[in-house]
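These notes concern the structure reproduced below.
Both backbone and side-chain heavy atoms feed into the values below; hydrogens, waters and symmetry mates do not.
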Amino acid sequence: MDWDHLRFFGELARSGSMAAAARRMGVEHTTVSRRIQALEKQLGAVLFAREGGQWRLTEAGRQLQEVTNTMQSAVDGLERGPLAHAATAEGPAGLVRVGATEGFGTQMLASELARLTLRYPLLSVDLLALPRMLHLSSREADIVISLERPKRGSVVVTKLTDYRLYLYGQREYLARKPLVARTEDLRHHSFVHYVDDLLFTRELQLLDTLHRPERFALRSTSITAQYEAVRAGAGLAVLPAFVADRDPILSRVLPEQACFTRTFWMSMPVESRQIPRIATTWSFLRDAVQGMQKLLLPDS
């Protein structure tokens, strides 16, 4: 059996929606469908019944869910037990999955986590830097850094850091377009933004509080794509300062009015506090981010 199929089964069982399961897994819905079909073929049983757009577990599906829950509990027990500590003589060992937003993960965390693995040669890290929410409850990651504080579940949560975003434009673009001296002047400009119906958190609905554009030159689920579009001169966009301030061809626009502060929260399951590899990664990230404050909160 391909055990990876069970992750897709578990997500669809929890969400009851093919589209929602696909979003949470970061794949196309056809991928989820293909995985479920393959699992049903392997088991020789129908696991879901489709009812009015929702996917309901059949009796066979409920039985499989009980089995997978038991398997997950066994894995959790091993991670908390003696085997989890067996390889700690040379430091923490094993795999840690860290979930983060795309921009923060790629621009700020990737190099730091690489340093962590150099410090501890037996430790491996999966960095899931994705433009979507990651869920501790579905075991997508061991540690999640998110823009929204988790409100449910048995989790440990800490405020990791605040960070700032500003409105930016390419310098050559700004030179050939009408001057922006006040928010009313923004009507003369094109914009780059998120795809509204695919925006994964309300914390990034920033542009509407400043200006409702008549035209979007480009929209994308990816902050990296938005950044590249602004660099190419497509228009203006709200970008994290830790991404855009380091680029000499970009300039802030209306820095007093178009300044936004958001918060990154770091969370992990309560039971993970005693797992050396996860606890070490947690402490490392907390300390590393404290050293990034000038990039995260410029002008403070």
Interatomic distance, [X] atom [atom1] to [Y] atom [atom2] [nearest 0.5 angstrom]:
X: T221; Y: Q226; atom1: OG1; atom2: CD; answer: 8.5 Å
X: T117; Y: E112; atom1: OG1; atom2: CD; answer: 11.5 Å
X: F9; Y: T68; atom1: CZ; atom2: OG1; answer: 5.5 Å

[X] side chain near [Y] side chain, heavy-atom distance below 4.5 Å:
X: L199; Y: V195; result: no
X: Y166; Y: L206; result: no
X: I223; Y: L239; result: yes
X: I143; Y: S267; result: no
X: P121; Y: L123; result: no
X: M266; Y: V156; result: no

Per-pair distances, 0.1 Å, donor-acceptor, side chain in residues 178-186, under 3.5 Å, sequence neighbours excluded:
unit_1: D185; atom_1: OD2; unit_2: A181; atom_2: N; d: 2.8
unit_1: D185; atom_1: OD2; unit_2: R182; atom_2: N; d: 3.1

Distance-only donor-acceptor check, side chains [X] and [Y], under 3.5 Å:
X: H5; Y: R35; answer: yes
X: T263; Y: D162; answer: yes
X: E228; Y: T224; answer: no

Exercise answer: donor-acceptor pairs, residues 242-254 side-chain atoms, under 3.5 Å, sequence neighbours excluded:
unit_1: D245; atom_1: OD1; unit_2: Y168; atom_2: OH; d: 2.7
unit_1: D245; atom_1: OD1; unit_2: R252; atom_2: NE; d: 3.3
unit_1: D245; atom_1: OD2; unit_2: R252; atom_2: NH2; d: 2.7
unit_1: R246; atom_1: NE; unit_2: F242; atom_2: O; d: 3.0
unit_1: R246; atom_1: NH2; unit_2: F242; atom_2: O; d: 3.0
unit_1: D247; atom_1: OD1; unit_2: I249; atom_2: N; d: 3.1
unit_1: D247; atom_1: OD2; unit_2: Y227; atom_2: OH; d: 2.5
unit_1: D247; atom_1: OD2; unit_2: R231; atom_2: NE; d: 2.4
unit_1: R252; atom_1: NH1; unit_2: D299; atom_2: OD2; d: 2.5
unit_1: R252; atom_1: NH2; unit_2: D299; atom_2: OD2; d: 3.3

So does [Y] get a backbone contact from the side chain of [X], meaning a donor-acceptor N/O pair under 3.5 Å?
X: E214; Y: R187; result: no
X: R262; Y: E203; result: yes
X: T158; Y: L160; result: no
X: R164; Y: P298; result: yes
X: Q54; Y: R50; result: no

List the atom of [X], the atom of [Y], and the distance in Å for their closest heavy-atom pair.
X: G105; Y: A129; value: CA-CB, 4.1 Å
X: Q205; Y: T209; value: O-CG2, 4.0 Å
X: D126; Y: R97; value: OD2-NE, 3.2 Å
X: A22; Y: V32; value: CA-CG2, 3.8 Å
X: W55; Y: M18; value: CZ2-CE, 3.4 Å
X: A13; Y: Q65; value: CB-NE2, 3.8 Å

Next item on the list: Can you spot which of D142, V144, L128, L285 makes a side chain to side chain contact (heavy atoms under 4.5 Å, CB included) with V98?
Entry: L285

Checklist line | F104 ring center near F264 ring center (under 6.0 Å) | finding: yes

Checklist line | Test log, rule side chain to side chain contact (heavy atoms under 4.5 Å, CB included), inputs V192 and L236 | finding: CA-CA 6 Å; V192 175; L236 308 179; over 6 Å; no

